[in-house]
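Input: a single structure, listed below in structure tokens.
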Amino acid sequence: MSENTDNNATQASEAKPEAINASCRLPVLFLFFSAAVWVVQASAAGVLGSLKLHVPGFLADCPYLTYGRMQAGVWVAFLFGFAGNAGLGLTLWMLSRLRGMELARPGFVMAGAIMWNVGVTAAMVGITMGDQPGIAGYELPAYASRVLLIGQALIAFSAILTYFSRRHKQLYPSSWYLIASLVAFPWIVGTAHWLLVETPVRGAAQIPVAHWAVTSLQQIWLGTIGLAALIYFIPKITQRELYSRQWAAFGFWLLLILGGWVNLNSGSPLPVWSIKLSQFASMLFVFVLVAVGWNLCQTVKGVPLIGSEDLTLKFMGVSLASWLVVALYTVGNSMAEWNGLLQFTYAGTAMRQLFAWGFFAMAMFGAIYYVAPRLFGGEVDWACSGTYKWVFYLTAVGAAVVGLAGLGLSYGHGDALTNVETLEVSKKALMPMRIAFMGELAFLGASLIFLCSMACLLFRNCCGECSPMSLIRQCCPAKVEGGAE
Amino acid sequence: MSEKAKLNVSEHAEPAAGNTQMPVSVMVVLTLLGYIGCYKVDNLNANFASNVHAPFGSPEEVASLAPSEEELVFSQGKQLYANCQGCHQPNGGGTPGTFPPLAGSEWVLGDPQRIAAVVLNGLGGEVVVSGKTYNNQMTPVGETWTDEQVAAVLTFIRKEWGNNAGRVLPEEIAQTRAKTAESGHSGPWTQETLNTTFPAE
Amino acid sequence: MNKSPWIFLGVLFALSLSWWGMVYGPASQVNNLSADLGGGDTLKPRVGLAKQGEQVYRENGCYYCHTRAATGGTFGYKIQITQLGDDQKINEEVVGLDYSTQTVFKKAYAYKAVAKAVDSLKAEQGKKAEERDEAKIGDANATLISAKAKAGAHGDDMEVNLKAYGISGVNFEPDMRAQLGLPAEMNEEQQAAVAGARFDITDGTQKWSDIESTVRRLKDKAGAQFKLQPVAKEWPDVQGGAGRQSVLRDFLFDAHAMVGVMRVGPDLSSQGSKIAPLDKDGVPINTREADNKFYKHLYDPQWEGESSHMPPFRYLFRERPLEKDVLAGPREIVIEKEGSSRVAIIPTAKARALLAYMKSLRTDKSLPEAPLVNQPKQASAE
């Protein structure tokens with residue numbers, strides 16, 4: 001690493017990892033723990049929602065729990081609750097580590113993190129009351145997105161100060177991705193907020209704008225954070241060099257350019273030109289796929305990822321595989337026949353779930369498993385760390401079930417949409433979703449274990465003495481008994 | 001605290017990126033695909049028109065599908081006829097003795113300028129249509145309606161109910177207005193005054 | 001890639017590309033879209049209950065399971081000549097040999113020639129004796145004689161005569177009609193036959209690329225009037241009641257454009273025409289029966305034992321149990337289901353708004369950019 005450090009013009013000297021970890025401790029752990037709380041909410045609501053597909057009358061008399069509102073809540077809790085918190089926390093830690101500088105202005109981060117969570121809570125309450133703006137994939141009411149934008153700005157302020165606190169050090173590719181995610185968020189959410197919710201454009205114009213916002217949030221915002229984690233942790237833990245900086249740059253710029261264009265359904269009520277351009281972008285996405293895939297595969301050539309001993313590396317392996325599958329699906333959308341068959345079926349939603357859980361959540365779980373204990377310094381007591389592997393197994397199984405059900409079984413639905421009568425369609429539509437219910441259950445299990453592990457870690461190391469031990473016992477009784485003081 | 005619960009938190013070093021060059025062929029393929037894609041988009045984009053939706057492919061195709069100008073004028077006239085049907089009836093049959101029929105009327109099917117003059121200035125007194133006599137007062141619309149509107153409603157009554165006369169153009173309405181002004185006539189016509197300026201064939 | 005500020009600028013630039021193409025471009029294009037449908041007709045925004053219903057649809061997230069995007073499929077084109085141009089030669093060339101040898105086509109031009117000769121004769125006769133052109137009168141008379149012979153040569157097939165008459169768009173004096181074998185006074189049926197006369201020159205299997213040049217020449221040179229009618233081959237959503245595909249302008253006045261994600265439930269883009277179909281004048285027919293059917297479906301989607309998987313929206317209704325022989329109130333709807341008690345329900349304002357919104361979703365009127373599909377594929381057809 002020393003060869004990368006430019007010796008002659010360093011404005012500030014590099015901080016020690018321990019010092020950086022210490023500076024990140026409070027804000028980053030706060031973000032991680034909030035993420036753990038939200039991911040449980042997201043997966044629990046997801047399971048309840050899925051259950052309604054089997055038993056339509058279940059909880060049907062309560063307007064707050066109707067399917068449409070729960071679905072909106074699921075994605076907000078995941079995207080802004082879990083992904084936002086975990087992603088921002090990891091961004092801060094990775095940026096300070098990559099810059100070799102202590103986190104600047106952690107107070108801003110704390111303020112921002114609190115605002116962020118207030119914003120997500122407001123959004124969840126609002127959706128329950130019926131305030132969702134009617135855009136699948138971006139369900140933030142205006143008041144919530146305002147708070148989120150301010151919260152993110154406060155956190156990004158600290159991140160960017162940290163980033164600029166030292167110059168003339170070669171930038172590792174992950175930091176490009178992280179900076180892009182920090183810049184992309186206000187751009188995307190700002191656009192959606194002002195053009196769709198606050199002062200909406202004409203109805204017809206909302207269709208492409210909403211598509212851009214929803215796709216960009218997924219492909220660019222989540223994509224850059226998750227790929228930053230992959231590109232950081234895979235070489236770091238395998239202790240190899242990232243194969244090629246050039247490949248990384250190539251994939252990075254193409255992702256940013258194409259991310260907002262792709263995946264427009266050929267049956268969307270939009271003019272021919274938007275759809276053709278989107279298909280063109282989806283076709284070019286193959287270069288992002290190759291750039292990221294080739295680069296990381298060459299990096300770990302000969303070393304097993306998913307089969308590795310190291311749990312973080314296992315997480316990253318599945319995460320990379322999921323990303324590649326979703327990218328392949330995106331490329332597939334450039335073919336009108338393929339897209340014409342799968343549009344309006346569960347396939348698109350399943351791919352979003354695979355992206356969310358298989359790629360993003362996997363990367364975050366793995367990264368948090370690595371980062372969280374280190375934030376406490378040398379002496380870490382993590383009673384639950386042994387159960388953490390179940391987070392891996394359950395999430396991986398869930399993602400595989402959802403992905404396979406979505407891709408494999410949606411053909412029947414797509415075929416029925418074009419050929420058979422209505423009754424058949426509803427049966428075939430539900431088939432993949434019913435199987436995906438098993439995946440949702442696995443996600444719920446994984447997130448519960450994740451929350452318990454985080455709770456364990458926090459209580460043991462922050463306030464082990466003042467905290468009620470009973471809570472820890474409830475979390476993971478077996479481990480605590482073994483490791484009691 | 002047991003050993004098992006303790007984690008090994010020793011850190012790996014920060015990662016570094018290698019300097020392997022990308023093969024030129026990738027850029028060549030990208031350029032090639034980009035070129036083909038641009039070419040295809042250029043062929044299929046329907047000139048970025050906002051009114052071309054799949055499965056239609058070009059603005060010209062969509063324009064050919066749209067109703068012709070004549071059909072549009074006819075349907076505009078149909079809407080405007082709502083102002084006339086109180087007297088002349090929805091079926092164009094009129095009311096015996098008071099309001100003359102439009103269906104099959106030689107006034108309607110004859111010289112367009114003559115019927116235009118009636119619509120513009122109104123008509124009063126006794127008139128003979130298809131051999132029958134009618135007597136009432138017709139309200140003029142020349143002050144409020146544009147040439148296009150008068151032309152549209154005339155086109156409609158000349159083609160509806162089995163009438164099969166040609167379309168009336170806004171220019172003909174303008175000519176009628178000019179000819180009326182030239183003759184010095186103002187106010188509603190009677191059959192005689194009308195015949196002096198716009199003689200029946 | 002090591003100058004930090006460049007990364008910022010680069011990211012901003014890269015993001016601006018897709019923003020420009022997917023946000024700014026379409027938004028400014030849609031801003032220029034007019035609500036005009038031509039012929040003085042305009043698209044109208046939702047008002048009143050239907051507008052409120054859009055909010056009910058939104059707040060309950062109906063768009064997660066229902067789409068509002070009828071898609072098009074494959075189709076062919078039928079070209080119908082409604083009026084032939086004046087020049088027989090050009091028309092024959094454009095329309096093609098197969099059709100130009102047909103009786104209707106030939107007769108139409110014979111009638112046209114008659115009409116022209118009559119006009120020219122009249123014009124000459126209207127002049128003072130010394131100004132008349134004897135040569136023209138002679139020509140006109142010769143034309144009249146030969147054309148009358150041609151026009152009458154095909155017997156008294158009234159339908160053929162009327163059609164030819166219609167597509168040629170010629171007016172004759174009553175006595176001339178009789179001489180040509182046409183009825184001197186047309187009855188209503190005959191008038192309708194003339195007005196509706198159509199003359200197909202393609203059979204509805206041609207693609208646009210096949211007919212493009214024909215259409216262009218019809219327009220530019222032949223001066224004929226024609227109608228282009230797409231004929232659906234595979235047009236999936238026609239089965240669901242869609243008259244045409246959904247287009248941008250269907251969403252012009254939406255407060256929230258909710259296209260939808262998945263079709264777990266049926267596509268709703270033409271729900272209005274199912275609940276309240278149009279009569280022949282294009283006015284929706286509202287019936288209490290259809291309304292109540294919708295309400296019952298909303299209250300209890302499984303009430304008919306249908307395999308619907310929609311959750312019930314009972315919270316959009318006020319309800320009271322009914323004893324066995326008690327009559328329901330005038331505004332109440334009775335739900336009777338095997339194995340459960342009778343219930344009388346009254347839709348709340350939200351349910352009524354939702355119904356009004358459903359009725360506003362329709363694809364049964366053609367737009368200039370999206371004509372109605374001519375022959376919907378029957379669901380029963382194999």
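Every chain is numbered from 1 and lettered A, B, ... according to where its sequence line falls, protein lines coming before strand lines.
Interface check for chain C: of the options A:V197, A:L53, A:L258, A:V183, the most heavy-atom pairs under 4.5 Å are formed by A:V183. Taking A:T215, A:T345, A:L264 one by one and counting their heavy-atom pairs under 4.5 Å with chain C, the maximum is reached by A:T345. Heavy-atom pairs under 4.5 Å with chain C were tallied for A:A204, A:G259, A:P271; the largest tally goes to A:A204. The choice from A:L182, A:I207, A:L196 that makes the most heavy-atom pairs within less than 4.5 Å of chain C is A:I207. Chosen from A:L270, A:T191, A:V201, the residue pairing most often with chain C at heavy-atom distances under 4.5 Å is A:T191. The candidate from C:D300, C:D267, C:L252, C:V56 with the greatest count of non-hydrogen atom pairs under 4.5 Å with chain A is C:L252. Ranked by non-hydrogen atom pairs under 4.5 Å with chain A, the options C:L15, C:L12, C:T71 are led by C:L15.
The shortest non-hydrogen separation linking A:A205 to C:A27 is CB-CA, 3.8 Å. Between C:Y63 and A:I135, the closest heavy-atom pair is OH-N, 3.7 Å. Taking each heavy atom of A:R202 and C:N32 in turn, the nearest pair found is NH1-N, 4.5 Å. When every heavy atom of A:G57 is checked against every heavy atom of C:R314, the shortest pair comes out as O-NH2, 4.5 Å. Taking each heavy atom of A:A60 and C:Y315 in turn, the nearest pair found is O-CD2, 3.5 Å. Pairing each heavy atom of C:S18 with each of A:G260, the nearest pair is OG-CA, 3.9 Å.
Contacts of C:S16 with chain A are made by both backbone and side-chain atoms, with heavy-atom separations under 4.5 Å. Residue A:M70 does not touch chain C at all, counting heavy-atom pairs closer than 4.5 Å. For a residue to count as touching a neighbouring chain, one of its non-hydrogen atoms must lie under 4.5 Å from one of that chain's; by this rule A:I220 touches chain C with the side chain only. Looking at A:D131, the atoms closer than 4.5 Å to chain C (heavy atoms on both sides) all sit in the backbone: N, CA, C or O. For A:H413, the part lying under 4.5 angstrom from a heavy atom of chain C is the side chain only. In this structure, chain A has no heavy atom under 4.5 Å from any part of C:Q55. With a 4.5 Å cut-off on non-hydrogen atoms, A:L59 does not touch chain C at all. For a residue to count as touching a neighbouring chain, one of its non-hydrogen atoms must lie under 4.5 Å from one of that chain's; by this rule A:W261 touches chain C with backbone and side chain alike. Using a 4.5 Å cut-off between heavy atoms, A:T349 contacts chain C through its side chain alone, with no backbone atom that close. Proximity to chain C (any heavy atom under 4.5 Å) is restricted, for A:I179, to the side chain, taken from C-beta onward. Proximity to chain A is absent for every atom of C:L316, based on heavy atoms less than 4.5 angstrom apart.
Aromatic pair C:F313/A:Y67: centroids not less than 6.0 angstrom apart.
Taking 4.5 Å as the limit, every side-chain heavy atom of A:Y177 sits out of range of all side-chain heavy atoms of C:I7.
For the atom pair OG of A:S278 and CE of C:M22, the computed distance is 5.5 Å after rounding to the nearest 0.5 Å. One distance of note links OH of C:Y24 with CH2 of A:W212; it measures 15.0 Å at 0.5 Å rounding. Summarising the geometry, atom CD1 belonging to A:I188 is positioned 12.5 Å from atom CH2 belonging to C:W19; distances are rounded to the nearest 0.5 Å. The structure places CD of C:E59 at 12.0 Å from OG1 of A:T128, a figure rounded to the nearest 0.5 Å. A distance of 5.5 Å separates CD of C:Q29 from CH2 of A:W273, quoted to the nearest 0.5 Å.
Ring planes of C:F8 and A:F164: parallel class, angle under 30° (limits at 30 and 60°).
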Donor-acceptor contacts, no H, no angles, side chain residues 254-265 of chain C, under 3.5 Å, sequence neighbours left out:
unit_1 : atom_1 : unit_2 : atom_2 : d
C:D254 : OD1    : C:R46  : NH1    : 2.9
C:D254 : OD2    : C:R68  : NH1    : 2.7
C:H256 : ND1    : A:P133 : O      : 3.1
C:R263 : NE     : C:T67  : OG1    : 2.8
C:R263 : NH1    : C:D237 : OD1    : 3.2
C:R263 : NH2    : C:A69  : O      : 2.5

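Taking non-hydrogen atoms and a 4.5 Å limit, the residue list of residues 244-251 of chain C in contact with chain A, ordered by number, reads C:S246, C:V247, C:L248, C:F251.
Under a 3.5 Å cut-off, the side chain of C:R58 and the backbone N or O of A:Q132 do form a donor-acceptor pair.
Heavy atoms of other residues, nucleotides or ligands lying less than 6.0 angstrom from NZ of C:K44 number more than 12. The number of heavy atoms from other shown groups lying within 6.0 Å of NZ (C:K350) does not exceed 12.
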